[in-house]
Visitor: 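Just dropping this structure here.
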Protein chains: 2
Amino acid sequence: MPKKNIPKLAIRRLCIYKRMLSRLLEKEQETISSKELGKLTSIPDYQVRKDISFIGEIGVARKGYNIKKLNDHIINSLGLIEVWNTAIVGVGQLGTALLNYPRLKEMGYNILCAFDIDPKKIGKKTGGITIFPSDRITPTVRKNQIKIGIICVPPGAAQTVCDALAKGGIRGILNFAPIALNIPAHIVKREIDFTVELEFISAVLNLMKKKRS
Amino acid sequence: MPKKNIPKLAIRRLCIYKRMLSRLLEKEQETISSKELGKLTSIPDYQVRKDISFIGEIGVARKGYNIKKLNDHIINSLGLIEVWNTAIVGVGQLGTALLNYPRLKEMGYNILCAFDIDPKKIGKKTGGITIFPSDRITPTVRKNQIKIGIICVPPGAAQTVCDALAKGGIRGILNFAPIALNIPAHIVKREIDFTVELEFISAVLNLMKKKRS
DNA sequence: TTTATATTGTGATTTTTTTCACATTTAAAG
DNA sequence: CTTTAAATGTGAAAAAAATCACAATATAAA
């Protein structure tokens, strides 16, 4: 179990180390140093070591970290073995893609149901999952003990479905709608909007240019 | 022009304020306080004010910020009017969706070409854009003065196409491949991997549970 | 067995970011 | 015109995060 409170940013980086480590598992290499792992993840070596130190001593001086052991250790420490009942809200292009993405199940996200507002979609199956009407979100989430909701609806509908998920007792929300969600603090939220990231890139490029000139 | 160096995190939040402001433009409301804007973006009011202060004084005591004026001011200060020649690498499900997403052009991302390794796709058009072979990335990027590259290839190919983009003189990269890219520091990079975000949510939920018990 | 050295783990330091608190401003009311 | 109070903008304080530097350690070579 983790020593003390792990900083949020360290948790996120640990997930990134794990992503690389599971790729390395397929190679013959057995151990990796913080320097190498840092190179592969664009994170400085001391940061890698410090992050890993939050979940305990696992490295070997002069050799580095055993790849399999470190991978397992991150999975265990962060509880990534757990299986989560998951729902997808909004079966448009993105929602459909997610319903057909088999790796989600492999990663422990057990998609139990999907929701959409379009009567033509309701009752149909996508990726083996039945689509329910959006106004049934709260009872369905509660009944099926759904813990994680993935929001793929247009921005105008996002807050409403978010509230419905919250009322049903959801624990975590991954939001793809391009709008910030108002949410009780006990629900863990993550928002992904590639247009914000693109604009961030543009802004940084522009400010770099201005500074030079 | 901005007073001094704007912190990266403030830039990102300014993009998020702008996203909300442009939605508010369609409403009749004329001004907004830092408190209201903070509520809408889940960011504390003092943080909103401090972020805005990096791009100058624009608010009016007792009234707040004029929505249109603040929106324009963020756009100007961060240089978000600029048009960027853009390329999409990897015309799979995601790449295809992006090529058919008209808002990209509206936002100033002028997609000039796409690349794929699959001979069956090369020469075809998707969303009006011709698909070139991946081994032509470097010269095509250079010739067309492409500044931003969006990587949508599988993880095994991502570093190779990233290197090719860098060699062609790319300035910014948005990476959807689930792998960290090694990249010269002068190139602005952003990585989006929803599986990392899902695992982050799981990890935080687990650590919350552990702490309570 | 001893030595040399690569590598970890971590306290201490520095830097960055967030948070606070309040003086200042200004619109609106009286 | 004066008063009131809502809201900004910001310097200062606090908190968090990143960075550094090095003692401790353990492998491999001599």
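Predicted model, so just to flag it, every value in this text is computed and none were measured. Worth knowing before you read on, the calculation uses all heavy atoms, side chains too, and leaves out hydrogens, waters and symmetry mates.
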Visitor: Do the side chains of K209(B) and E82(A) get close enough for a salt bridge, i.e. N-O under 4.0 angstrom?
Guide: yes
Visitor: With sugar-phosphate meaning primed atoms plus P, OP1 and OP2, does I43(B) contact a base, only sugar-phosphate, or nothing at under 4.0 Å between heavy atoms?
Guide: nothing
Visitor: Should Y65(A) be listed as having a side-chain N or O under 4.0 Å from OP1 or OP2 of dA6(C)?
Guide: no
Visitor: From the set dG9(D), dG9(C), dT17(C), return the single nucleotide nearest to any side-chain atom of P7(B).
Guide: dT17(C)
Visitor: Does the side chain of T195(A) come under 3.5 Å of the side chain of Y109(B) through a donor N or O and an acceptor N or O?
Guide: no
Visitor: Given dT7(C), is OP1 or OP2 found less than 4.0 Å from the side-chain N or O atoms of S33(A)?
Guide: no
Visitor: Are W84(B) and L205(A) close enough, and set up right, to give a side chain to side chain contact (heavy atoms under 4.5 Å, CB included), and what steps lead you there?
Guide: CA-CA 11 Å; W84(B) 300 91; L205(A) 286 176; 3.6 Å; yes
Visitor: Please tell me whether Y101(B) and F194(A) form a close aromatic pair, meaning their ring centres lie under 6.0 Å apart.
Guide: yes
Visitor: Reckon L37(B) touches a base, only the sugar-phosphate, or nothing at all at heavy-atom distances under 4.0 Å?
Guide: nothing
Visitor: Name the closest nucleotide to the S53(B) side chain, picking from dT27(D), dC20(D), dG9(D).
Guide: dG9(D)
Visitor: How close or far is atom P of dC20(D) from atom NZ of K35(A), stated in whole angstroms?
Guide: 14 Å
Visitor: Roughly how many Å is it from CD1 in I52(B) to P in dT8(D), rounded to a whole number?
Guide: 8 Å
Visitor: Starting from P on dA13(D), measure out to CD on Q47(B) and report it in whole angstrom.
Guide: 19 Å
Visitor: Nearest-nucleotide wise, let me know which of K50(A) and A61(A) is further upstream toward the 5' end of DNA chain C.
Guide: A61(A)
Visitor: Please give, in whole Å, the distance from dA26(D) P to N66(A) CG?
Guide: 16 Å
Visitor: Here's a test of your reading of the structure: between L9(A) and V60(A), which maps to the more 5' nucleotide of DNA chain D?
Guide: L9(A)
Visitor: Between dG9(C) atom C1' and I58(A) atom CD1, what is the distance in whole Å?
Guide: 13 Å
Visitor: Mind calculating the distance between CZ (F54(B)) and C1' (dG11(D)) to the nearest angstrom?
Guide: 12 Å
Visitor: 5'-most contact on DNA chain D: K63(B) or P44(A), nearest heavy atom basis?
Guide: K63(B)
Visitor: Rounded to whole angstrom units, what separation is found between the CZ atom of R49(A) and the P atom of dT7(C)?
Guide: 10 Å
Visitor: Send over the distance from Y46(B) OH to dA15(D) P, rounded to a whole Å.
Guide: 12 Å
Visitor: Looking at I117(A), I'd like to know if its CD1 atom is crowded, meaning that more than 12 non-hydrogen atoms belonging to other residues, nucleotides or ligands lie closer than 6.0 Å.
Guide: no
Visitor: Is the base of dA27(C) touched by the side chain of R62(B) through a donor-acceptor pair closer than 3.5 angstrom?
Guide: yes
